K.L.:
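I have a structure I would like to understand better, so I am pasting it below and will then ask my questions one at a time.
Along the sequence shown, residues carry numbers from 1. As the structure is a computational prediction, the values presented were derived from the model and not from experiment.
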Amino acid sequence: MTTAEINASLDKPVWHQKLLQYTIVKFLLAVLIVGGVQFISRKAMSHFLAGPDWMVFRNIAAMLLGWLSYAFYVRIIEKRKATELALFSAWKEWLIGLVLGAMLFVLVLGSLSLLGVFHVDGYNDPRLMLKYLPIFVVVAVMEELFFRAMIFRMMEESLGSAVAILISALAFGFAHASNPGATIFSSIAIALEAGIAFGAAYMLTRRLALCIAMHFSWNFTQGAVFSVAVSGTDSKGWLQTHMTGSEWLSGGAFGAEASVLAVFLATLMGVVFLYLAWKKGEVKSGFWKKQRQLAAA
């Protein structure tokens, strides 16, 4: 065998490297690693740290392990640094996301108040808001890690931005279908308003900071500040409030996220993010278009 033949045989990918060329294989590995760590750690903590007194600790520990297991997957399988998990370097995105998420639902609830749908009855102890901090942080981090960093990002590599945002948005919306008060419309509403907005936020920045901060602030403003049901889950926060009028405006038992007004405003914000991502050149093509472009070249 000549030197050239030896080098060629060494450069030829082995079977597991060939498998990792397929997006679905990498996605399943990510689910196996991150999901496996979550399952084992939660089982262990439920056994050794049982009881409601440890619940906050268990959830935060599971969130940190989820973050670390995803970074481990990216380093071992994708062989790169998980830049999408940037913390300190993305401080502007964290800040912008916190402001945007809060502003969105202040605008939604303020508009519903002007329409005579949302009413403020009084005040509760503001310290009630503190109990929601760890809950909404864990929810925002874990859901964005799965739906944006895993489903959207990995599907986008193969199927392109348009198909990936459709898949991840529908998956996100219908993941809430079993929540209290959920309907087909509420699932579609979550897919349109949050699925598109958060997916487009990731496209624009290629990091999770903006969408996690928006997600947290969105939930916290609704539940902890205005005591509005968050995706069907009742909340008792700082303000005592109630809704009246038709469900298509109030959102019914599911909460303001199922209001047509929230769907319109949040989806509009998502469309703006999509436009900014397109202007920035962050919209990716599917594999079929890439193949045509290579063939033409």
K.L.:
Tell me, do Leu87 and Trp67 make a side-chain contact under 4.5 Å, heavy atoms counted?
P.N.:
yes
K.L.:
Begin from the C-alpha positions of Phe147 and Phe198 and carry the test side-chain contact (heavy atoms from CB on, under 4.5 Å) through to its verdict.
P.N.:
CA-CA 9 Å; Phe147 289 100; Phe198 298 156; over 6 Å; no
K.L.:
Within the side chain of Ser158, is there an N or O that forms a donor-acceptor pair under 3.5 Å with the backbone of Tyr22?
P.N.:
no
K.L.:
How many angstroms lie between atom CG of Leu145 and atom SG of Cys211, to the nearest 0.5 angstrom?
P.N.:
10.0 Å
K.L.:
Below 4.5 Å, heavy atoms only, C-beta onward: do Arg153 and Tyr202 meet side chain to side chain?
P.N.:
yes
K.L.:
Are any non-hydrogen side-chain atoms of Ile33 and Tyr70 less than 4.5 angstrom apart?
P.N.:
no
K.L.:
Is there a side-chain contact between Phe174 and Ile188 (heavy atoms, below 4.5 Å)?
P.N.:
yes
K.L.:
Clusters formed by hydrophobic residues whose side-chain heavy atoms approach within less than 4.5 Å: which one holds Leu128, and what are its other members?
P.N.:
none
K.L.:
Nearest 0.5 Å, please: how far is CG in Leu204 from CD in Glu93?
P.N.:
8.0 Å
K.L.:
For Arg206, check side chain to side chain donor-acceptor pair (under 3.5 Å) against everything at least two apart and list the hits.
P.N.:
Glu156, Glu282
K.L.:
In this structure, are over 12 heavy atoms from other groups packed under 6.0 Å from Lys81 atom NZ?
P.N.:
no
K.L.:
Are Leu28 and Leu32 connected in a single hydrophobic cluster, I mean Ile/Leu/Val/Met/Phe/Trp/Tyr linked by side-chain heavy atoms less than 4.5 Å apart?
P.N.:
no
K.L.:
Would you say that Glu257 contacts His176 through its side chain, given a criterion of any heavy-atom pair below 4.5 Å between the two side chains?
P.N.:
no
K.L.:
Would you call the rings of Phe57 and Trp54 parallel, tilted or perpendicular if under 30° counts as parallel and over 60° as perpendicular?
P.N.:
perpendicular
K.L.:
Please determine whether side-chain contact (heavy atoms from CB on, under 4.5 Å) holds for the pair Arg42 and Asn59, giving the CA-CA distance in whole Å, both sets of side-chain angles, and the decisive distance to 0.1 Å.
P.N.:
CA-CA 8 Å; Arg42 286 183 180 275; Asn59 287 333; 3.4 Å; yes
K.L.:
Output the distance between atom CG (Leu65) and atom CE (Met45), rounded to the nearest 0.5 Å.
P.N.:
6.0 Å
K.L.:
With rounding to the nearest 0.5 angstrom, report the CH2 to CG distance, Trp94 to Leu208.
P.N.:
7.5 Å
K.L.:
Verify, without hydrogens or angle tests, whether Ser161 (side chain) and Lys284 (backbone) share a donor-acceptor contact under 3.5 angstrom.
P.N.:
yes
K.L.:
side-chain contact (heavy atoms from CB on, under 4.5 Å), that's the test. Do Ile135 and Phe220 meet it? Break it down for me.
P.N.:
CA-CA 9 Å; Ile135 297 171; Phe220 188 82; over 6 Å; no
K.L.:
Ring-plane angle category for Tyr132 and Phe136, please: parallel below 30°, perpendicular beyond 60°, tilted otherwise.
P.N.:
parallel
K.L.:
Taking side chain as C-beta onward, heavy atoms only, is Met129 less than 4.5 Å from Asn124?
P.N.:
no
K.L.:
Restricting to pairs with a member in residues 242-266, which pass ring-ring contact (aromatic ring centres under 6.0 Å, His included), not counting sequence neighbours?
P.N.:
His119-His242
K.L.:
Using a 6.0 Å cut-off, check whether atom CZ of Arg80 has over 12 heavy atoms from anything other than its own residue.
P.N.:
yes
K.L.:
Quick one, Leu100 and Trp218 - any side-chain contact, counting heavy atoms below 4.5 Å?
P.N.:
no
K.L.:
Relative to each other, are the rings of Phe118 and Phe226 parallel, tilted or perpendicular (30° and 60° limits)?
P.N.:
perpendicular
K.L.:
Using a 6.0 Å cut-off, check whether atom NZ of Lys92 has over 12 heavy atoms from anything other than its own residue.
P.N.:
no
K.L.:
Write out all pairs satisfying side chain to side chain donor-acceptor pair (under 3.5 Å) with one or both partners inside residues 178-201, taking only residues at least two apart or from two chains.
P.N.:
none
K.L.:
Using a 4.5 Å cut-off between side-chain heavy atoms of Ile, Leu, Val, Met, Phe, Trp and Tyr, which other residues end up in the same hydrophobic cluster as Ile40?
P.N.:
Phe39
K.L.:
Are there over 12 heavy-atom neighbours, none belonging to Phe72, within less than 6.0 Å of that residue's CZ?
P.N.:
no
K.L.:
Once you round to the nearest 0.5 Å, how far does CD of Gln38 lie from CZ of Phe146?
P.N.:
11.5 Å
K.L.:
Can you tell me how far CG of Leu115 sits from OG of Ser250, rounded to the nearest 0.5 angstrom?
P.N.:
11.5 Å
K.L.:
So do the side chains of Trp278 and Met203 get within less than 4.5 Å of each other, counting heavy atoms only?
P.N.:
no
K.L.:
Please go through Val99's hydrophobic cluster and name the other residues, only I, L, V, M, F, W, Y counting, with side-chain heavy atoms under 4.5 Å joining them.
P.N.:
Met103
K.L.:
With side-chain contact (heavy atoms from CB on, under 4.5 Å) as the criterion, how do Leu274 and Ile165 come out once you've worked through the C-alpha distance, each side chain's angles and the decisive distance to 0.1 Å?
P.N.:
CA-CA 10 Å; Leu274 284 173; Ile165 206 165; 3.7 Å; yes
